[in-house]
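Before any comments, here is the structure.
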Amino acid sequence: MSVAMTAAAPQISIRRLWKSYGERVVLENLSLDVHAGEFVSIVGASGCGKTTFFRMLLGEEQPSRGEMLLDGKPWPQEPGADRGVVFQRYSVFPHLTALANTRLFLEVSGAPLLARLFGARRRAADERAMAMLEAVGLADSAGKYPHELSGGMQQRLALAQSLVAQPKILLLDEPFGALDPGIRADMHALMKSLWQRHRFTVFMVTHDIEEGFSLGSRLLVFDRVRNDPQAPQRYGARITYDLPLRTDP
Amino acid sequence: MKRLVNQRPSRGAALLLAALPFIVLFALYLQASAERHLENPEDRLLPGISQLVAGVNQVAFEEDRRTGEVILWVDTLASLERLAWGVGVSALFGIVFGTLAGMLPLARAPLSPFVSVLSLVPPMAILPILFIVFGLDELSKIVLIVLGVAPFIIRDIQSRVLEIPVEQLVKAQSLGMSSWQIALRVVLPQVTPRLVDSVRLSLGSAWIFLISAEAIAAEQGLGYRIFLVRRYMAMDVILPYVAWITLLAFVMDRLLAWGNRRAFGWLYTGRKAEEGA
Ligand SMILES: Nc1ncnc2c1ncn2[C@@H]1O[C@H](COP(=O)(O)OP(=O)(O)OP(=O)(O)O)[C@@H](O)[C@H]1O
Ligand SMILES: [Mg+2]
């Protein structure tokens, strides 16, 4: 069913996962194995539960039933530095410059109490942050605030900010959904090169099926297979297709 | 001819229009004052310019015969000190409890209903209790201001914290930030400019509480003086005092607005960017 990438144990293992809000069943009986370094695109009709699934990966929501394992251990109950995230909007901090946004992880991990670095450690952090800004093409905008950046630049910044933490998994919920087509193509190229360089695992929810095909190494389609017209609440979505994709070297 | 909704005054015209109500009010006053003085040259209810100048001179520039001090400065200093304490303590409560209630569901559960109820207690109604408990000195006046103003600031800050997009808080956690670090680097920096706005909005009621408390029990202060000289119908002192208080309030408001704009440029330019200006 899934791509035979390695013989190693899967990084992520999901067994018979259900999620419901009260009477409303959103996801039913999801099972899935994902290996480290896969790029999983998720598509599906609006309202079928993609974001709900995404929030469970983040740790913002807990499953109603079933099992989720990360590296063989129970899934964390809250977001953490092992799972980076980029949303469609509001992923960067408006009161910090691009450089300060990118440096933030280094400051909070290096100074638990003050959450700020000074002197030589600050300069070292600045250097690493600058290198990351360069990698996403934002070196010239290091001193700017997010509102001075275009939508595409803000998403690049959000990526840089997350990648500084070297997450094992990167979670993207329609990250390029609000961007113009031309800029979106640039972002695809950037995303691909970052993934090929760092080889983190990616989950990307998208409305753009073409984007799902061109970026992912694997495509999941969420859909509601059963439908009770009398009680539309009753059945949730499942993974109806799980397609391995050719990935360019 | 453009529609009325699209017509804007030029810069000069805007200034003139802004001054107009003041000029009209002043002219009406002078007119009424002159009429009264025709009937009775000694009239004290609507003092004319010369009487007002004499009144100002007496309180603002001459030393009081009894105490040897200049009354206006003594009063201003006393009032500003009480106001600063009252508003300062309120702001501190506001940022601490407002941030706690906004960020932590565990703190919101006990704080939010309590502060809501507290904000409904009419502070003036418990002023007698304050006088009994805290005495007639400075403390009871400061406590009155705090009781009147702090609940508003706490609630305002709480709602400002809750307005921060949840995406930001999740992003912060995905960078491994602890609750303390999120407060320090994400929430407080974004809420501080809101605190200044909140303080500006509450200065009006802070003045009300201050003057009321001073009117009832004090030895000096702007409110005390106004209510003292009321007995002699000394409008030549009351009117300049009212103008002086208004000016003080205006200057404070402008200073806070200006300081906020300078210190938190990211917020104001960001707002402008959002409005598409
Ligand atoms: N906290 C919640 N409480 C109740 N119902 C919820 C909650 N969150 C989501 N839902 C419901 O779950 C369903 C799936 O929502 P979800 O946001 O996951 O869809 P989606 O696939 O991301 O849609 P879209 O493509 O429009 O973003 C919706 O019907 C929504 O109303
Ligand atoms: Mg969604």
Side-chain angles (χ1 to χ4, degrees), chain A residues 51 54-55 57-61 76-97 100-116 144-150 154 157-159 161-171 173, chain B residues 95 98-100 102-107 157 159-198 259-277:
Chain A
T51 296
F54 179 87
R55 282 155 56 90
L57 294 174
L58 255 179
E60 244 192 303
E61 287 281 352
Q77 305 266 306
E78 56 180 10
D82 53 347
R83 285 151 294 141
V85 62
V86 174
F87 298 101
Q88 188 171 2
R89 295 181 64 192
Y90 305 123
S91 301
V92 293
F93 301 109
H95 59 293
L96 298 176
T97 61
N101 261 295
T102 314
R103 188 180 56 212
L104 189 58
F105 167 77
L106 302 170
E107 292 198 276
V108 298
S109 58
L113 200 63
L114 289 180
R116 278 178 197 281
K144 291 191 173 159
Y145 285 98
H147 68 83
E148 299 172 294
L149 304 176
S150 70
Q154 288 186 20
L157 177 57
L159 273 173
Q161 184 181 43
S162 289
L163 293 183
V164 167
Q166 297 181 309
K168 285 191 283 195
I169 304 171
L170 189 60
L171 302 169
D173 192 357
Chain B
I95 197 82
T99 305
L100 278 173
M103 273 188 77
L104 309 176
L106 284 178
I157 295 300
S159 61
R160 296 302 181 174
V161 173
L162 288 169
E163 269 171 22
I164 294 177
V166 66
E167 284 92 339
Q168 273 189 38
L169 302 178
V170 172
K171 177 84 183 199
Q173 296 178 59
S174 83
L175 296 175
M177 295 174 81
S178 65
S179 303
W180 165 249
Q181 290 179 326
I182 295 174
L184 216 55
R185 295 300 310 269
V186 177
V187 174
L188 285 174
Q190 295 192 67
V191 162
T192 310
R194 316 293 192 170
L195 175 71
V196 178
D197 282 340
S198 196
N260 220 11
R261 216 166 265 267
R262 285 201 51 132
F264 304 103
W266 61 267
L267 178 67
Y268 290 92
T269 38
R271 265 189 210 159
K272 245 187 266 155
E274 255 169 48
E275 285 160 13

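Reminder, nothing fancy here: chain letters follow the sequence lines and each chain counts from 1.
Annotation: side chain of Trp180(B) is in contact with side chain of Leu113(A) (closest heavy-atom distance under 4.5 Å).
The choice from Ala111(A), Pro167(A), Ala165(A), Ser91(A) that makes the most heavy-atom pairs within less than 4.5 Å of chain B is Ser91(A). Most heavy-atom pairs under 4.5 Å with chain B, from the set Ala158(A), Ser109(A), Ala81(A), Pro146(A): that is Ala81(A). Ranked by non-hydrogen atom pairs under 4.5 Å with chain B, the options Pro112(A), Gly59(A), Gly84(A), Ala100(A) are led by Pro112(A).
The shortest heavy-atom contact between Leu175(B) and Phe93(A) is CD1-CE1, 4.3 Å. Minimum interatomic distance between Val85(A) and Lys171(B) (heavy atoms only, all atoms of both residues): O-NZ, 3.0 Å. The shortest non-hydrogen separation linking Ser174(B) to Pro79(A) is N-CB, 4.3 Å.
At a 4.5 Å heavy-atom cutoff, the contact between Val92(A) and chain B is made by backbone atoms alone. Contact annotation for Glu148(A): neither backbone nor side-chain heavy atoms come within less than 4.5 Å of a heavy atom of chain B. When heavy atoms are compared at a cutoff of 4.5 Å, Ser162(A) approaches chain B by way of both its backbone and its side chain. In this structure, chain B has a heavy atom under 4.5 Å from the side chain of Phe87(A), while its backbone stays farther away.
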Take Met177(B) and Leu104(A) through the side chain to side chain contact (heavy atoms under 4.5 Å, CB included) test and state the conclusion after the steps. CA-CA 9 Å; Met177(B) 295 174 81; Leu104(A) 189 58; 3.9 Å; yes

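Legend: residues meeting salt bridge (Lys or Arg N to Asp or Glu O under 4.0 Å) with Arg55(A), ordered by chain and number and at least two apart, are Glu60(A), Glu61(A).
Of the possible polar contacts, one joining the Gln181(B) side chain to the Val108(A) backbone as a donor-acceptor pair under 3.5 Å is found.
With a 6.0 Å radius and a threshold of 12 heavy atoms from other residues, nucleotides or ligands, Gln166(A) has its CD atom at or below the threshold.
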Can you give me every donor-acceptor pair (side chain of residues 182-193 of chain B, partner residue at least two apart or in another chain, under 3.5 Å) with its distance?
from      : atom 1 : to        : atom 2 : distance (Å)
Arg185(B) : NH1    : Glu107(A) : OE1    : 3.1
Arg185(B) : NH1    : Ala115(A) : O      : 2.7
Gln190(B) : NE2    : Gln168(B) : OE1    : 2.7
Gln190(B) : NE2    : Val186(B) : O      : 3.1
Thr192(B) : OG1    : Leu188(B) : O      : 2.6

